[in-house]
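So the structure is just underneath, and the comments pick up after that.
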Amino acid sequence: MRENNFDIVVVGAGHAGCEAALAAARMGARTALLTTSLDSIARMSCNPAIGGLAKGQLVREIDALGGEMGKVIDATGIQFRMINTGKGPAMHSPRAQADKNAYHVEMKRRLEAQQGLLLRQAMVTSLVIEQQQVRGVRTLSGHTYRAGAVILTTGTFLNGLLHFGPATIPGGRMGEPPALGLSECLRSAGLKMGRLKTDTPPRVNARTVDWDATEEQPPDPDPRPFSFSTERIDTEQISCYMTHTNAATHEIIRKSLDRSPLYDGQITAGMGPRYCPSIEIKVLRFPEKDSHLLFLEPEGRNTLEVYCNGLFTSLPMDVQEDMAHSIRGLEKAQIIRYGYAVEYDWAPPTQLGPGLETKRIRGLFHAGQINGTSGYEEAAAQGIMAGINAARKLQGKDPLILGRDEAYIGVLIDDLVTRGTEEPYRMFTSLAEYRLVLRQDNADRRLMKYGRENGLIPEALWQKLQRKEKAIRETTAYIHKTYHGGKNLAVMLRRPEMDFERLAELHPRLNELAPDGAVREQVQIETKYEGYLGRQMQQIQRFRRNEEKQIPDWIDYNQIPELRCEAREKLSDVQPVSLGQASRISGVSPADISVLMVYVEGRRKTGIRRQEAGAEGAKG
């Protein structure tokens with residue numbers, strides 16, 4: 001490693017870079033993780049939390065693949081909650097407040113301890129590219145790190161610019177310099193680049209908050225871990241709190257819009273995330289609303305810093321003071337960090353294949369905000385997949401591609417590489433067509449086999465899953481064939497008022513068959529939703545038929561005159577691997593898919609006839 005020759009170099013140690021580097025090293029690749037600051041590894045630049053709507057599903061999937069995010073939040077979380085429990089199981093999502101600094105320290109320690117991984121503080125300024133193949137990276141100090149694959153996880157640092165009202169400061173995050181040179185290198189290599197922005201809120205001193213004027217949001221009494229390897233959460237939990245903006249807050253914002261960099265043309269990257277907008281955008285977009293909900297979230301056990309979730313802004317500092325002091329509970333609050341917007345470069349992800357490798361430069365992978373996503377969880381999900389696929393490429397294996405029917409991670413990556421995005425992308429349950437199957441509770445049953453195949457799941461955890469599957473099968477078979485008081489147990493369990501615990505009280509044999517809560521949960525869900533799950537599996541079978549119809553990579557769409565011009569352009573740009581993926585490209589119609597299907601099948605048959613003719617000729 002002292003010779004600076006590696007199999008894989010990962011650039012950036014945010015949430016994507018950490019997962020990518022750990023996965024690659026654990027798969028046997030000699031890996032270097034380069035970051036501009038070792039003190040910012042896995043830093044939570046924005047909200048001090050992991051999980052949430054659909055994001056919690058992503059974290060459990062990362063864990064099932066052998067990733068680290070779930071384990072680290074289990075070790076450092078300060079408040080765990082399962083949200084959306086009033087809805088069906090497909091909507092349940094785990095979320096945890098993090099001790100922000102403890103999370104960073106714990107992830108850094110795990111990176112330092114990983115065999116086969118070099119962690120080093122260095123600023124990468126350019127790539128080494130030879131004949132459209134990446135060969136390594138160069139740093140600001142002039143060092144070259146040679147590698148067979150490079151994974152860029154640059155976050156908001158590419159030509160980053162911070163906005164505090166009319167004031168601007170170059171940076172990828174407050175107090176940290178931007179990454180310069182890489183964007184220009186990517187452009188010169190033929191990649192398209194764009195500009196995006198996101199916002200952060202002010203932080204206040206807890207000592208100056210009137211907590212009695214806010215509404216408490218307590219933790220779950222029996223917190224549920226994220227990781228399938230964590231037995232239970234034993235650490236003391238703390239509360240978060242809620243308050244609201246009001247008419248006075250909104251008036252302060254409206255009167256200050258002429259000083260907003262978002263509206264005076266200073267920010268050129270657009271409005272930012274649609275589903276996590278700045279408070280000034282919310283006030284203008286929803287003029288009929290008198291208030292907006294805010295969450296006051298502690299940033300750790302050993303700090304009084306409080307994150308004002310929902311008050312994202314790039315307004316000047318004096319306006320932020322007036323705005324905060326107009327809010328119930330914050331009338332005398334001291335702001336200790338002001339909110340700001342960060343504007344940064346990104347590379348539209350339709351330039352990637354489904355394995356997250358760029359199409360133009362072999363061996364170059366992108367993961368995280370460089371692909372236009374927002375959120376730690378979306379970044380980490382891409383990171384572990386990029387790490388796995390970079391290692392698989394060097395092993396001479398095809399990439400691991402998760403289907404939309406297999407994982408939220410599959411939905412995320414397919415949306416990015418097939419449809420692209422024009423604003424920071426975030427995951428929602430509504431984006432998953434098969435969300436009843438893709439629940440947070442069964443991520444291990446869906447994906448741990450892939451982690452196991454790639455050497456990322458230890459034997460003990462794999463055997464634990466096998467015992468769980470056996471218990472689920474035996475318990476399910478038992479309740480379907482057994483009666484109590486003349487009534488079938490499965491039929492009884494389907495009743496709205498019945499759950500597994502009550503059924504076990506009536507029929508104690510179930511306590512022996514399924515002593516584990518995770519087994520009981522799976523049996524209950526699959527029994528109660530058996531009809532819905534059966535219909536969804538039929539939909540999945542239809543979906544898979546189109547996914548299995550591969551499109552050869554030698555197809556020239558410009559040679560198919562029956563396709564519309566827009567379809568030829570979009571198909572040539574995305575280069576779909578299957579008819580299923582082609583059908584999801586914006587601008588490609590069902591009629592185009594029919595034309596493409598006939599063309600591919602015709603070329604396939606022509607190829608078979610040519611092979612047969614060649615074989616006959618060889619015999620003669």
Side-chain angles (χ1 to χ4, degrees), residues 10 12-26 31 33 35 37-52 55-81 93-115 117 119 153 155 219 223-238 297-303 307 367-368 375-385 387-388 409 440 443-444 447-448 451 456-458 461:
V10 180
H15 302 279
C18 291
E19 297 291 353
L22 287 170
R26 289 168 179 171
T31 305
L33 175 56
T35 179
S37 173
L38 294 177
D39 297 323
S40 299
I41 289 171
R43 178 65 70 197
M44 294 182 169
S45 309
C46 205
N47 63 311
I50 295 294
K55 293 171 177 283
Q57 281 87 332
L58 286 174
V59 180
R60 299 214 94 201
E61 291 180 352
I62 293 165
D63 185 74
L65 290 169
E68 210 68 16
M69 177 174 269
K71 299 179 183 68
V72 177
I73 188 58
D74 284 349
T76 61
I78 57 179
Q79 190 209 61
F80 289 76
R81 294 177 62 240
S93 300
R95 186 181 189 274
Q97 289 298 128
D99 184 312
K100 187 167 82 171
N101 190 58
Y103 187 98
H104 146 70
V105 170
E106 181 64 19
M107 185 65 84
K108 180 173 181 284
R109 185 190 67 80
R110 294 180 185 224
L111 290 165
E112 291 167 340
Q114 178 59 51
Q115 290 289 329
L117 174 60
L119 178 62
T153 65
R224 180 165 181 169
F226 274 89
S227 176
F228 292 99
S229 62
T230 304
E231 292 299 328
R232 59 179 293 107
I233 303 294
D234 292 319
T235 54
E236 181 185 358
Q237 306 290 291
I238 64 177
E297 301 172 343
E299 296 221 332
R301 296 186 189 278
N302 301 309
T303 178
Y307 180 88
Y376 314 140
E377 303 81 3
E378 289 89 342
Q382 296 169 70
I384 191 170
M385 295 304 293
I388 289 171
I409 295 176
Q440 59 83 26
D444 56 339
L447 300 179
M448 201 171 280
L456 300 176
I457 297 295
L461 188 57

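- Across all their heavy atoms, Gly77 and Arg301 have their closest contact at O-NH2, 3.4 Å.
- What you find for Ala49 and Gln97 is that their closest heavy atoms are CB-OE1, 3.7 Å.
- In this structure the side chain of Pro298 reaches within 4.5 angstrom of the side chain of Ile238, judged on heavy atoms.
- A donor-acceptor contact shorter than 3.5 Å is absent between the side chain of Tyr307 and the backbone of Glu297.
- Rounded to the nearest 0.5 angstrom, Gln79 CD and Thr235 OG1 are separated by 11.5 Å.
- With hydrogens and angles ignored, the 3.5 Å screen pairs a side-chain donor or acceptor of Tyr376 with a backbone N or O of Cys46.
- For Glu299, the salt bridge (Lys or Arg N to Asp or Glu O under 4.0 Å) test picks out Lys100, Arg203, with sequence neighbours left out.
- Every residue two or more places apart in sequence or in another chain was checked for a ring-ring contact (aromatic ring centres under 6.0 Å, His included) with Phe226, and none qualifies.
- Atom CD1 of Ile457 and atom CE of Met448 lie 4.5 Å apart (nearest 0.5 Å).
- For Arg224, the salt bridge (Lys or Arg N to Asp or Glu O under 4.0 Å) partners at least two apart in sequence or on another chain are Glu521.
- For the pair Arg95 and Phe80, the cation-pi test (distance below 6.0 Å, angle within 45°) is failed.
- The CG atom of Leu119 sits 6.0 Å away from the CD atom of Glu112 when rounded to the nearest 0.5 Å.
- Contacts of Ala25 classified as side-chain contact (heavy atoms from CB on, under 4.5 Å), with partners at least two apart in sequence or in another chain: Thr31, Gln114, Leu117.
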| task | Verify side-chain contact (heavy atoms from CB on, under 4.5 Å) between Leu65 and Ile409, making sure each step is shown before the conclusion. | result | CA-CA 11 Å; Leu65 290 169; Ile409 295 176; 3.8 Å; yes
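- Of all the heavy atoms in Gln57 and Gly52, the pair that sits closest is OE1-O, 4.1 Å.
- For Asn302, there are no side-chain hydrogen bond (donor to acceptor under 3.5 Å, both in side chains) partners, not counting sequence neighbours.
- Between the His104 side chain and the Arg43 main chain, no donor and acceptor come within less than 3.5 Å of each other.
- To the nearest 0.5 Å, atoms CD1 (Ile41) and CG (Leu33) are separated by 6.5 Å.
- To the nearest 0.5 angstrom, Leu456 atom CG is 5.0 Å from Ile388 atom CD1.
- Residues passing the side-chain hydrogen bond (donor to acceptor under 3.5 Å, both in side chains) test with Glu236, sequence neighbours excluded: none.
- Contact between Ala64 and Phe228 at its shortest, heavy atoms only, is CB-CE1, 4.3 Å.
- Checked against salt bridge (Lys or Arg N to Asp or Glu O under 4.0 Å), Asp99 has no partners two or more places apart in sequence or in another chain.
- Arg110 meets the side-chain hydrogen bond (donor to acceptor under 3.5 Å, both in side chains) test with Glu68, Glu106; sequence neighbours excluded.
- For Thr35, the side-chain hydrogen bond (donor to acceptor under 3.5 Å, both in side chains) criterion is met by no residue, not counting sequence neighbours.
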Distance-only donor-acceptor hits, side chain of residues 377-384, under 3.5 Å, sequence neighbours excluded:
| unit_1 | atom_1 | unit_2 | atom_2 | d |
| --- | --- | --- | --- | --- |
| Glu377 | OE1 | Lys55 | NZ | 3.4 |
| Glu377 | OE2 | Gly51 | N | 2.8 |
| Glu378 | OE1 | Lys55 | NZ | 2.8 |
| Glu378 | OE2 | Lys55 | NZ | 3.0 |
| Glu378 | OE2 | Met427 | N | 2.9 |
| Gln382 | OE1 | Gly368 | N | 3.1 |
| Gln382 | OE1 | Asn371 | ND2 | 2.8 |
| Gln382 | NE2 | Thr373 | OG1 | 3.0 |
| Gln382 | NE2 | Glu378 | O | 3.0 |

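- Side chain of Glu19 to backbone of Met69: a donor-acceptor contact under 3.5 angstrom is found.
- Shown here for Ala98 and Ile73, the closest heavy-atom pair between the two residues is CB-CD1, 3.6 Å.
- A distance-only check finds a donor-acceptor pair linking the side chain of Arg60 to the backbone of Gln440 [under 3.5 Å].
- Here the side chain of Thr153 pairs no donor or acceptor atom with the backbone of Ala16 at under 3.5 angstrom.
- The two residues His15 and Ala42 come nearest to each other via the heavy atoms CE1-O, 3.5 Å.
- With sequence neighbours excluded, the residues that form a side-chain contact (heavy atoms from CB on, under 4.5 Å) with Ser227 are Asp63, Lys71, Asp74, Ser229, Thr230.
- Note that CZ of Arg81 is 11.5 Å distant from OG of Ser93, once rounded to the nearest 0.5 Å.
- Using a 4.5 Å cut-off on side-chain heavy atoms (C-beta onward), Lys108 and Leu38 make contact.
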